[in-house]
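The structure under discussion appears below in the form of structure tokens.
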Protein chains: 2
Amino acid sequence: MKYKLISYQSPNDDFPPLLKKFNYIQPLAEEEILALMKLHQYSTIIDKETVFLEQGEVRNKSFIVMEGWAYRYSSLESGNQQIINYYLPGDVISPFALVMPKVSYSVATTSSRLQVCVFEPDVLIELFSIYPRLAILYGWMLGREDASMAEQVIRLGRHSAYKRTAHLLLELFHRLKVIGINDENTFHAPLTQQLLADTLGLSLVHINRTLKKLQKENLINISAKEIWLLDITKLKQIAEYRIYYLDEIKKLNTANIPSLAA
Amino acid sequence: MKYKLISYQSPNDDFPPLLKKFNYIQPLAEEEILALMKLHQYSTIIDKETVFLEQGEVRNKSFIVMEGWAYRYSSLESGNQQIINYYLPGDVISPFALVMPKVSYSVATTSSRLQVCVFEPDVLIELFSIYPRLAILYGWMLGREDASMAEQVIRLGRHSAYKRTAHLLLELFHRLKVIGINDENTFHAPLTQQLLADTLGLSLVHINRTLKKLQKENLINISAKEIWLLDITKLKQIAEYRIYYLDEIKKLNTANIPSLAA
DNA sequence: TTTCGACTATATCTTATGAAATACAAATTA
DNA sequence: TAATTTGTATTTCATAAGATATAGTCGAAA
């Protein structure tokens, strides 16, 4: 795979999504920004609907999503697949590549192409030793991903199809909001109903039924690749949506951490 | 909460489970062992069937499970709960406490009491800066937990009750095997059928049906708190069990990591 | 403009799983 | 020892979701 060198000369340029995300919880220092830009030197584009990492292969690189979506999944003998989680702009694919170079689950692109930046994960060690706060932010990101997967478990385990669907749409909406790429109550989702079904553990027919129901009740509206959440308050009620990890991220305060006070 | 000081004078003592786990993938150096023992200075005991951490509370401590089981869960308005994951001996509860002091999901003990060691998560920063390989091992542990949750998503999303049950039992069995506290094909599980139901997104009645079916087919056997896996090969076939992260952990090799070669 | 393929929509029938009720068995407590 | 609680076992019935089939829709290619 060939990687193109991209140029972000100054931090005055529009921040890449990972920095937007970090900056959202805590303003970054000039030098931290420059350090993070080192992870953004090489970019590549993956075609839509393409398997990008295959379960079992060895690839000791990490990737930052710049544009487009990807998903991690597992294929089953039945021919079905289960989507484990989505990677949206600002998310890191294979954040543990340093210690787990063997890919545990395949990663593929959705119905839009994907632009990622590639970095050698051992650069992180150097980065963290110079800027310990970046280690904190990276850890915070991992904690967020953990919480996001926990929500996926709760959806699949104890929510009805109806609740699941509302819940997932709300979560995607809020994750996109943090990196500031959606409007008031609408977002662009490069997904098919088949992918939604594989995410929520439903059949294609049933996700269709459920989306139609939500539409008929004027809770959502779906066009080509755009999704409107028409009544977020009511959707939240239906979905029992109360995600801590997204609402309270502004509270990160490194002053409490002795080893970073100096 | 009061913590009792515990004493492990020399590494010749029997390793605590976290060290057993680390040592299983890579032999630890004498000084690394001593460093890790700093995380094991204070221990406490939590009664069985007790909520240990409550969703929303602030508790910037991490805990290492020494003995007994705990689980992380979410309570729903319906009165149901969904178990997200289990903490077995050697697992760390709140591994991200440093950056996420607000507890996202409640943690409770199962039907046996729990012994944990408590440590200040910012000790990790110091530890990792002196012994970078410990950072690698910690990261490996996080990667493993991520994979374990991914398996939970797959079970809930695309497996039948029958498959789910077989799969979970196999995973618990293998996780316990790493820390060496089970026999050939049996393990002690301080679980009720209600907890299993809440883990696998099933009703109490249905998990009972399913367990009975597995027993009738001579695949498992359950007594008081002991579970036998009578035909692991067949169970693996049924469950489509092929967990990378557990089978291939011996392969961790830090020689490949430039920044740790020196 | 037609054809093609991918996605969405809907109906019909089937089945896995849930809910409610009840019995039993074992462990705790009085 | 009886009384109470807690967990397991099983039945009967209801229903959410799956499977299969078929048709509409829409954009891309030709």
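As the structure is a prediction and not an experimental result, all values here were calculated from the model. In what follows, every chain begins at residue 1, and chains take the letters A, B, ... in the order their sequences are listed.
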Strictly by modelled atom types, are B:Glu171 and B:Ser148 linked by a side-chain donor-acceptor pair under 3.5 Å? yes
A side-chain contact here means heavy atoms from C-beta on lying under 4.5 Å apart; do B:Leu168 and B:Thr199 qualify? yes
Is A:Lys61 positioned over the aromatic face of A:Phe119, cation under 6.0 angstrom from the ring centre and no more than 45 degrees off axis? no
Among [options], which is the nearest nucleotide to the side chain of [X]?
| X | options | answer |
| --- | --- | --- |
| A:Thr192 | D:dT8, D:dA17, C:dT8 | C:dT8 |
| B:Glu49 | C:dT17, D:dG7, C:dC7 | D:dG7 |
| B:Val205 | D:dT11, D:dT8, D:dA21 | D:dT11 |

Let me spell it out: for each of A:Ala161 and B:Gln193, pick the nucleotide of DNA chain D with the closest heavy atom. Which residue's pick is nearer the 5' end? B:Gln193
Using a 6.0 Å cut-off, check whether atom NZ of A:Lys20 has over 12 heavy atoms from anything other than its own residue. yes
For a quick test of reading the model: is some side-chain N or O of A:Asn208 closer than 4.0 Å to OP1 or OP2 of C:dT8? no
Measuring to OP1 and OP2 of C:dC7, would you say a side-chain N or O of A:Gln194 lies under 4.0 angstrom away? no
Taking atom [atom2] of [N] as reference, at what distance in whole Å does atom [atom1] of [X] sit?
| X | N | atom1 | atom2 | value |
| --- | --- | --- | --- | --- |
| A:Arg209 | C:dT10 | CZ | C1' | 9 Å |
| B:Asn221 | D:dT8 | CG | C1' | 15 Å |
| A:Leu211 | D:dA17 | CG | P | 13 Å |
| B:Ile207 | C:dG18 | CD1 | C1' | 14 Å |
| A:Lys213 | D:dA16 | NZ | C1' | 11 Å |
| A:Lys212 | C:dA11 | NZ | P | 12 Å |
| A:His206 | C:dA16 | NE2 | P | 16 Å |
| A:His159 | C:dG18 | NE2 | P | 15 Å |

Among B:Leu211, B:Thr186, B:Leu230, find the residue that satisfies the side-chain contact (heavy atoms from CB on, under 4.5 Å) test when tested with B:Ile220. B:Leu211
Between B:Leu202 and B:Lys48, who's closer to the 5' end of DNA chain C by nearest nucleotide? B:Leu202
